[in-house]
Number of protein chains: 4
Amino acid sequence: MAKATGGDARAVPVPQRLLDAATKLFAERGYDRTSVQEIVEAAGVTKGALYHYFGSKDDLLHEVYGRVLRLQQERLDALAGADAPVERRLRDAAADVVVTTIENLDDTKIFFRSMHQLSPEKHKQVRAERRRYHERFRALIEEGQRSGVFSADTPADLVVDYHFGSVHHLGTWYHPDGPLTPQQVADQLADLLLRALRP
Amino acid sequence: MAKATGGDARAVPVPQRLLDAATKLFAERGYDRTSVQEIVEAAGVTKGALYHYFGSKDDLLHEVYGRVLRLQQERLDALAGADAPVERRLRDAAADVVVTTIENLDDTKIFFRSMHQLSPEKHKQVRAERRRYHERFRALIEEGQRSGVFSADTPADLVVDYHFGSVHHLGTWYHPDGPLTPQQVADQLADLLLRALRP
Amino acid sequence: MAKATGGDARAVPVPQRLLDAATKLFAERGYDRTSVQEIVEAAGVTKGALYHYFGSKDDLLHEVYGRVLRLQQERLDALAGADAPVERRLRDAAADVVVTTIENLDDTKIFFRSMHQLSPEKHKQVRAERRRYHERFRALIEEGQRSGVFSADTPADLVVDYHFGSVHHLGTWYHPDGPLTPQQVADQLADLLLRALRP
Amino acid sequence: MAKATGGDARAVPVPQRLLDAATKLFAERGYDRTSVQEIVEAAGVTKGALYHYFGSKDDLLHEVYGRVLRLQQERLDALAGADAPVERRLRDAAADVVVTTIENLDDTKIFFRSMHQLSPEKHKQVRAERRRYHERFRALIEEGQRSGVFSADTPADLVVDYHFGSVHHLGTWYHPDGPLTPQQVADQLADLLLRALRP
DNA sequence: CATGAATGAGTTTTCATTCAT
DNA sequence: TATGAATGAAAACTCATTCAT
C-alpha cells in the first residue's frame with residue numbers, strides 16, 4: 001500500500017530490484033560504505049527479503065560481477081571469433097570493451113574498485129574468470145604478432161595490461177555529459193592501441 | 001621495555017612508524033577494511049598516540065597521498081623542464097612515472113583505490129593536485145603535437161588518460177618477483193606510448 | 001530465557017523500558033554522566049536495540065522532554081481556560097505545576113539540568129514549546145493586572161520567572177519523604193505568589 | 001614568543017588565567033563538555049601547567065565554587081548583621097544576592113548546573129557551605145516572623161527556597177543587553193519577596 | 001515469502017591524567 | 001616551573017546477520 005510508482009515499477013522482480021539498487025549504491029559510495037539497510041531501502045523491501053534471495057552482502061557484489069563478466073566475455077568471444085583479419089578483430093574488440101564499459105560504468109567502477117573486497121574464495125573465482133578474458137584478448141595480439149601485422153617489440157601480456165589499464169581508468173574520468181560519446185572514446189582508444197602495435 | 005629497546009626498530013619516530021604501518025595495511029586490505037586498532041598494533045603504539053599526531057584516520061590517508069603526490073610532481077617538473085627534444089622528455093617522464101609507481105607500489109595502490117574514500121574536502125584537494133600533474137604531462141604532448149613530432153589524431157587529454165590508465169593498473173598485476181624489472185616495464189610502456197604517438 | 005520470563009517485568013515493551021531506565025539515570029547522574037551502556041544494561045537490552053528505536057542518546061533525552069512538556073501544557077491549558085475568576089485560575093495553575101513537577105520529579109530534574117545539552121536544533125524546539133507555556137501563564141497574570149485584582153508593580157514576565165524559578169528549584173530540595181506532601185508545597189508556593197500579587 | 005596581547009595580559013598569573021578560562025568555558029558549554037585541552041588553550045598554557053597548579057579538572061570547578069560562595073557569604077553576613085530593621089536587612093540581602101548573581105552570572109550558572117558533577121566529597125563540602133548561607137538567610141525571615149513584621153503563614157524554609165529558586169533561575173533568562181539593569185531586576189524581585197511576606 | 005526486532009562484535013574518536021625531560 | 005608525548009579506558013554509534021512469527 002505504498003510506492004505504487006507507475007504500475008510496472010512493482011513488476012520488476014525483487015531480486016532484480018535489489019541488484020539494481022546495490023549496483024547504484026556500490027558505485028556511488030563503494031561496497032564498504034554501503035549498508036545493507038540502505039540497499040533494502042533503495043529497493044523498497046526489507047532486510048528479510050534480501051536475505052531470502054541472497055546469502056550475504058558479499059553475494060550481491062558477486063552477482064554484479066557475474067553480470068558484467070558474462071557480458072564482456074560473450075562479446076569478446078563473438079568478436080574475436082569473427083571471420084575478419086586480425087587487425088580488424090582486435091580493433092573491434094578493443095573498441096567494444098570501451099563502449100560496453102562506459103555503458104555499464106556503474107558495474108565496472110564497482111568491478112575495479114571493490115574486487116579485492118570480496119571474500120577470498122569469491123575473489124579467486126572472479127580473478128580466474130577475468131584471466132580467461134585477458135587470455136582471449138592476448139591471443140588476438142599474439143596472433144597478429146606471429147603473422148607480422150603487429151609489432152612484436154612488446155610482450156603481448158603487457159600490451160593487454162596497457163589497454164585494460166585505460167579501460168579500468170574510464171570510471172575515473174568519463175562523464176556521460178562530457179564532449180565525447182562512448183563510441184568516440186572507443187575509436188580513439190582503439191586507434192591508440194593499433195598505432196602502438198604498428199610494426 | 002623502556003626507550004632503548006632494539007636500538008634500531010624503536011629509533012624510528014612514532015609518526016613515521018604509524019605512517020608506515022598504515023601504508024602497508026591500507027595497500028593490503030584497503031582503507032575501509034583497515035581498523036585504527038590494527039594500525040596502532042602494527043606500529044606498536046596506542047590509539048592515543050595516533051590521535052596525538054594525526055587528527056583522524058582520514059588524515060593518515062591524506063598524508064600517504066601527500067608523499068606520493070609531492071614525489072611524482074617533483075620528478076615530472078624536473079624531467080619535463082629538461083633541455084632535450086620533446087620526444088625525449090615525454091619518454092623520460094612516461095617511463096619515470098612507471099618506475100616511481102612501482103617503487104612505491106603500496107602508496108600508489110592506495111592512491112588509486114582509496115582516493116574516493118577521503119573526506120570530500122580532502123578529496124577535492126587531492127584531485128586538484130592530481131590535475132596539476134595531469135596538465136603538466138598533457139602540455140608535453142601538446143607541445144609535440146604542435147611541432148609535428150607527435151600525431152595529433154588523438155586529443156592530448158585522452159592520450160594522458162590512456163597512459164595513466166596503464167600506470168594506475170600496475171598495482172593490479174605487477175609483482176616484484178615477476179620476470180620484468182621496474183625499468184623494463186617502464187621502457188616497454190613508454191615505447192608503447194611513443195609508438196602510439198608516431199605521426 | 002525466552003520471551004515469557006517473569007510475566008510482568010518483561011511485559012513492558014522495550015522502548016518504554018529504555019525510556020524509563022534513561023529517565024532514572026539521567027535524573028540521578030545527569031545526561032553526560034550517563035553512558036548508553038548503562039542505560040541498556042538497566043533496561044536489560046543491548047545497544048543495538050536502543051538504536052533500533054531511538055536515533056541517538058539525544059533522542060532519548062528529547063523524548064523525556066516531550067512527555068513532561070505535553071503533560072504540563074495540557075494541564076495549564078485546561079486550568080487557564082476554566083470558567084472561574086482569574087485569581088482562582090492563576091492559583092490553580094500555580095499550584096498544579098508544583099504538584100505535577102513533584103510527581104514527575106525525575107523528568108523535571110532532567111528538564112532543567114540537561115536542556116542545554118540537547119543538540120542545538122532540538123534545544124531550540126524545546127525552548128519554543130517552553131516559551132508557549134510561559135506565555136500562557138503570563139497571559140493569566142496580565143489579565144489580572146489589567147482587571148486590577150493583581151498589582152501591576154512588577155512586569156508579568158518577571159513574575160512568571162519568579163514563580164518558575166521556585167518550580168525549577170524543587171528538584172534541588174524536595175524529597176518525597178520530607179514533612180510536606182506535594183499538595184502542601186503547592187499550596188504554600190501558590191499562596192506566596194498570590195500574596196506577592198496583592199494590589 | 002606569542003600572544004603578547006597588550007603587555008599586561010601576560011601579567012595575569014597563570015593560575016588566575018586558568019581559572020578565568022575554565023569559568024568561561026564551563027558556563028558556556030558545561031563542565032562535562034569542556035575538555036582540559038580547551039581550557040589550557042584558552043588560557044594560553046599547556047596541560048603540564050594546569051596540573052602543576054591544580055590537582056584535577058574537578059579542583060578547577062571547586063575553585064570556581066569557592067570564589068562565588070565566599071563572595072556571597074561575606075556579603076550576606078555584612079548585610080544581615082547591619083544595624084537596621086529586619087525588613088530593611090532582608091530586602092537588602094534579597095536584592096544583593098540578585099545583583100551579585102547577575103554580576104557573576106558565569107560563576108553562578110556553573111554553580112547551579114554543575115554542582116552535582118563534583119566528586120561526592122567536594123559536593124558534600126559545597127552543600128555544607130551552601131546550607132550555611134541558606135540558614136543565615138532563613139534566620140532573617142524567622143526573625144521578622146517572630147516580631148510580626150512578616151507573615152508566618154509560610155514556613156521560613158519554603159520562603160528561602162522560593163526566593164533562591166528565582167535567583168537560580170536568573171542564568172536561564174537574564175541577558176545583560178536586555179531591558180533591565182541588574183539593580184532593577186534586584187529591586188523587583190526583592191519587592192515580590194517582601195510583598196509576599198506582608199502579614 | 002517476507003517481516004523487523006534484536007544481537008554482539010565491531011567501529012572511530014575523546015580525554016583526564018602521567019611522567020621523563 | 002613547565003613541556004608535550006603517550007597512555008588506557010571509555011565513549012557513542014554502526015552494521016551484517018539471525019530468527020520467531
Side-chain angles (χ1 to χ4, degrees), chain A residues 13-15 18 31-41 43-61 119, chain B residues 2-3 13-15 17-18 31-40 43-60, chain C residues 2-4 13-15 17-18 31-40 43-60, chain D residues 13-15 18 31-41 43-60 119:
Chain A
V14 168
L18 282 163
Y31 178 76
D32 281 323
R33 313 282 253 232
T34 304
S35 75
V36 167
Q37 188 58 44
E38 287 168 327
I39 297 169
V40 299
E41 271 165 24
V45 300
T46 59
K47 278 199 235 187
L50 187 151
Y51 282 94
H52 182 72
Y53 291 109
F54 299 92
S56 65
K57 191 185 169 189
D58 203 80
D59 260 20
L60 225 31
L61 183 55
S119 69
Chain B
K3 263 295 177 57
V14 168
R17 286 221 306 276
L18 284 163
Y31 177 77
D32 279 325
R33 307 289 254 229
T34 304
S35 75
V36 168
Q37 189 57 45
E38 289 168 326
I39 296 170
V40 300
V45 300
T46 60
K47 268 190 264 200
L50 187 153
Y51 282 96
H52 183 69
Y53 292 107
F54 300 93
S56 64
K57 191 184 166 189
D58 205 82
D59 258 21
L60 224 31
Chain C
K3 262 296 179 51
V14 168
R17 286 221 307 276
L18 283 164
Y31 178 76
D32 279 326
R33 307 288 253 230
T34 303
S35 75
V36 168
Q37 190 57 44
E38 288 168 327
I39 297 169
V40 299
V45 299
T46 59
K47 263 189 266 196
L50 187 153
Y51 283 97
H52 183 70
Y53 292 107
F54 300 92
S56 64
K57 191 184 167 190
D58 205 81
D59 258 22
L60 226 29
Chain D
V14 168
L18 283 163
Y31 177 76
D32 280 323
R33 313 282 253 232
T34 303
S35 75
V36 168
Q37 187 58 44
E38 288 168 326
I39 297 169
V40 300
E41 270 166 24
V45 301
T46 59
K47 277 198 234 185
L50 187 151
Y51 282 95
H52 182 72
Y53 291 109
F54 299 91
S56 65
K57 191 184 167 190
D58 203 81
D59 260 19
L60 226 30
S119 69

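Residue numbers begin at 1 in each chain, while the letters A, B, ... track the order of the sequences. Keep in mind that this is a model prediction, so the values were computed, not measured.
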_Rounded distance (Å) that lies between atom C1' of E:dG4 and atom CG of A:Leu50_ = 14 Å

*Just need the stems in DNA chain F: three or more back-to-back Watson-Crick or G-U pairs, each with both distances under 3.5 angstrom, sorted by first number.*
E:2-21 with F:2-21

Are there any protein N/O atoms within less than 3.5 Å of an N/O atom in nucleotides 11-14 of chain E, and if so, which ones and at what distance?
{"unit_1": "E:dT12", "atom_1": "OP1", "unit_2": "B:Thr34", "atom_2": "O", "d": "3.4"}
{"unit_1": "E:dT12", "atom_1": "OP1", "unit_2": "B:Lys57", "atom_2": "NZ", "d": "2.9"}
{"unit_1": "E:dT12", "atom_1": "OP2", "unit_2": "B:Val36", "atom_2": "N", "d": "2.9"}
{"unit_1": "E:dT13", "atom_1": "OP2", "unit_2": "B:Tyr51", "atom_2": "OH", "d": "2.5"}
{"unit_1": "E:dT13", "atom_1": "OP2", "unit_2": "B:Lys57", "atom_2": "N", "d": "3.0"}
{"unit_1": "E:dT13", "atom_1": "O5'", "unit_2": "B:Tyr51", "atom_2": "OH", "d": "3.4"}
{"unit_1": "E:dT13", "atom_1": "O4", "unit_2": "B:Lys47", "atom_2": "NZ", "d": "3.3"}

*asked:* Is the phosphate of F:dA6 approached by B:His52 (side-chain N or O, under 4.0 Å from OP1 or OP2)?
replied: no

*asked:* Tell me the interatomic distance from C:Leu60, atom CG, to F:dA12, atom C1', rounded to whole angstroms.
replied: 13 Å

*If you measure from OG1 on A:Thr46 to CD on A:Gln37, what distance do you get to the nearest 0.5 Å?*
9.5 Å

*Can you measure from CD1 (A:Ile39) to CG (A:Leu18) and round to the nearest 0.5 angstrom?*
8.0 Å

*Quick one: closest heavy-atom pair of C:Arg33 and C:Glu38, and the distance?*
O-OE1, 3.7 Å

*Pairwise side-chain contact, D:Val45 with D:Val40, heavy-atom cut-off 4.5 Å (strictly under)*: yes

*For B:Val14 and D:Ala49, take the nucleotide of DNA chain F holding the closest heavy atom to each; which residue's nucleotide lies nearer the 5' end?*
D:Ala49

*asked:* OP1 or OP2 of F:dA2 versus the side-chain N and O atoms of D:Tyr53: is any pair under 4.0 Å?
replied: yes

Name each donor-acceptor pair under 3.5 Å that joins a side chain in residues 49-57 of chain A to protein atoms two or more places apart or in another chain, with its distance.
{"unit_1": "A:Ser56", "atom_1": "OG", "unit_2": "A:Asp58", "atom_2": "N", "d": "3.4"}
{"unit_1": "A:Ser56", "atom_1": "OG", "unit_2": "A:Asp59", "atom_2": "N", "d": "3.2"}
{"unit_1": "A:Lys57", "atom_1": "NZ", "unit_2": "A:Tyr31", "atom_2": "O", "d": "3.0"}
{"unit_1": "A:Lys57", "atom_1": "NZ", "unit_2": "A:Thr34", "atom_2": "O", "d": "2.8"}

